[in-house]
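Residue numbers begin at 1 in each chain, while the letters A, B, ... track the order of the sequences. When reading the values below, keep in mind they use all heavy atoms of this one structure, side chains included, and skip hydrogens, waters and symmetry mates.
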Amino acid sequence: MIAVSVTSEPLATDAIVASLGADGDTGAVASFVGLCRGEGGRLKGLELEHYPGMAEAEIERIAAIAKDRWPVDGIVAVHRHGLVLAGEPIVVVAARSRHRDAAFDAVRFVMDFLKTNAPFWKREHLLDGTFGGWIEAKSRDDEATARWVSG
Amino acid sequence: MIAVSVTSEPLATDAIVASLGADGDTGAVASFVGLCRGEGGRLKGLELEHYPGMAEAEIERIAAIAKDRWPVDGIVAVHRHGLVLAGEPIVVVAARSRHRDAAFDAVRFVMDFLKTNAPFWKREHLLDGTFGGWIEAKSRDDEATARWVSG
Amino acid sequence: MKLKYFAWVRERIGVEEEERDLPAHVNTAGDLIHWLKGEGENYAYALEKADFIRVAADQKHVRHDASIREADVVALFPPMTGG
Amino acid sequence: MKLKYFAWVRERIGVEEEERDLPAHVNTAGDLIHWLKGEGENYAYALEKADFIRVAADQKHVRHDASIREADVVALFPPMTGG
């Protein structure tokens, strides 16, 4: 089971992880929540622009690669767009499997590829209501993605 | 913040992860839940024997090593003992950090070391109410632990 | 062909999307970027770091040397920063 | 010295814990295991795979070549299977 969605609504983290379900063979659930940082109180939040349609398709493609690569029985990934306030979740990724390595690897793989390949762009939303700059892509994110190809 | 406990009560996974808290700099929460497998309906659950006192101390020691090794702002780990029914969580480990790599690494490190170094022993509890065998330690768990030392 | 722009590429060009007839010599994603750069100051500014620009053809990432002539929709955007 | 046993080591020896005066020649964790193996069939059975047995002195893991004479409590148990 792979379930992907992109939404402008606040993410209900616990419900998203629970939507993975479980069966008698589930021994491991790994999950990750990426949160909007306030950067020392400077930010009201982040505005996330996305490419509707491609954003969902790209995350699904990444999740499908993870599911082929590791013995996981389910992967769920939900990503927000629009204004995300400091402290709120931006993304939730979770996987379940029989043994822990597969769930750990699948979640981290999806997060790493999602960062570099899912069409979202973050812009700072300052406390005074104006927009700050666009967030720049980090070379360490490209390196994190490359690790899965060479490794 | 490091919070460790060992309990005979069912684990409230969401509350345990939430107990990590967050501040304006928290950008990542990674978590792991290890569940009791039913092994195709053969098991009622697992009986977990532990060494009271040492179990908590050893998990705390492992969490402290993780907190020294990676820039995480909090680690929480809760482990059950006694009878754990199939489908119930045995262990919950979560960490929060500014960037995702630290939280991912810390949780996986704690899980890997907990498997090989925390004094718990699992025994099968069969559907008919009798005890099955003691679960044997897996060489792949020793290898997972060794990876953090050589890597 | 429908062209779509995102993030600061969109801001600098000044439109979210537009229909364009491509000249015959525009075959690859790289050709498209190069050609658009000559279409006005806004395009030149948006696409000045041509190597940096990412391209999707019909919602799939493509390299600059990939042909995009058969695509219905081509999107140009900066490196992604989701997650 | 208080000795504690867990899991199948406990089952095979037949007690959870006991007080023992160690002979003078028992210095290391390995010495302790070797000496206990001579204390009866139950001990011999529980500790037959001596290299396999894990030892904690005052709730800290120790190697078989570590001295345990200063410890108040020494525990013997199989490889752990928690998590």
Side-chain angles (χ1 to χ4, degrees), chain A residues 12-18 20-46 73 85-101 103-105 107-112 114-115 138 140-141 143-144 147 151, chain B residues 12-18 20-46 73 85-101 103-105 107-112 114-115 122 138 140-141 143-144 147:
Chain A
T13 304
D14 297 343
I16 292 165
V17 176
L20 265 183
D23 61 34
D25 279 337
T26 303
V29 173
S31 57
F32 179 82
V33 181
L35 299 149
C36 178
R37 291 190 304 272
E39 304 299 357
R42 198 170 57 80
L43 299 187
K44 181 178 180 187
L46 292 166
D73 299 311
L85 298 177
E88 290 184 345
I90 295 170
V91 61
V92 178
V93 175
R96 70 177 171 92
S97 55
R98 186 169 167 82
H99 298 292
R100 72 188 183 287
D101 281 343
F104 273 128
D105 282 333
V107 170
R108 196 159 185 174
F109 176 93
V110 170
M111 274 306 304
D112 284 347
L114 188 155
K115 283 257 175 188
K138 299 189 197 84
R140 74 157 168 258
D141 285 330
E143 288 154 17
R147 197 169 53 191
Chain B
T13 304
D14 297 343
I16 292 166
V17 177
L20 265 182
D23 61 32
D25 280 337
T26 304
V29 173
S31 57
F32 179 83
V33 181
L35 300 149
C36 178
R37 291 191 303 272
E39 304 299 355
R42 197 169 57 81
L43 298 188
K44 180 179 180 186
L46 292 165
D73 299 311
L85 299 177
E88 289 184 345
I90 294 171
V91 60
V92 177
V93 175
R96 69 177 171 93
S97 57
R98 187 169 166 81
H99 299 291
R100 72 187 182 286
D101 280 343
F104 273 127
D105 282 333
V107 170
R108 196 159 184 173
F109 176 93
V110 170
M111 274 306 304
D112 284 347
L114 189 154
K115 282 255 173 189
K122 292 192 187 113
K138 298 189 198 83
R140 74 158 168 258
D141 285 330
E143 288 154 16
R147 197 170 52 190

Practice item. Step by step, work out the side-chain contact (heavy atoms from CB on, under 4.5 Å) result for B/V107 and A/F104. Key: CA-CA 9 Å; B/V107 170; A/F104 273 128; 3.7 Å; yes
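To the nearest 0.5 Å, atom CD of residue A/E88 and atom OG1 of residue A/T13 are 10.0 Å apart.
Taking 4.5 Å as the limit, some side-chain heavy atom of A/H99 sits within range of a side-chain heavy atom of B/R37. Residues A/R100 and B/D141 have side chains in contact (heavy-atom distance under 4.5 Å, counting atoms from C-beta outward).
Both the backbone and the side chain of B/A28 come within less than 4.5 Å of a heavy atom of chain A. Of the two parts of A/A144, only the side chain, counted from C-beta on, holds a non-hydrogen atom closer than 4.5 Å to a non-hydrogen atom of chain B. Contacts between B/D23 and chain A at a heavy-atom distance below 4.5 Å are absent for every atom of the residue. Within the 4.5 angstrom heavy-atom criterion, atoms from both the backbone and the side chain of A/D101 approach chain B. For chain B, no part of A/A86 is nearby; none of its heavy atoms comes within less than 4.5 Å.
No other option in B/I90, B/D105, B/L43 has as many heavy-atom pairs under 4.5 Å with chain A as B/D105. Highest contact tally toward chain B, considering only A/K115, A/R98, A/E39, is held by A/R98 [criterion: heavy-atom pairs under 4.5 Å].
A salt bridge is absent between A/D25 and A/R96: the closest approach of a Lys/Arg side-chain nitrogen to an acidic carboxylate oxygen does not fall below 4.0 angstrom.
Minimum heavy-atom separation, B/S31 to B/A94: CB-CB, 3.6 Å.
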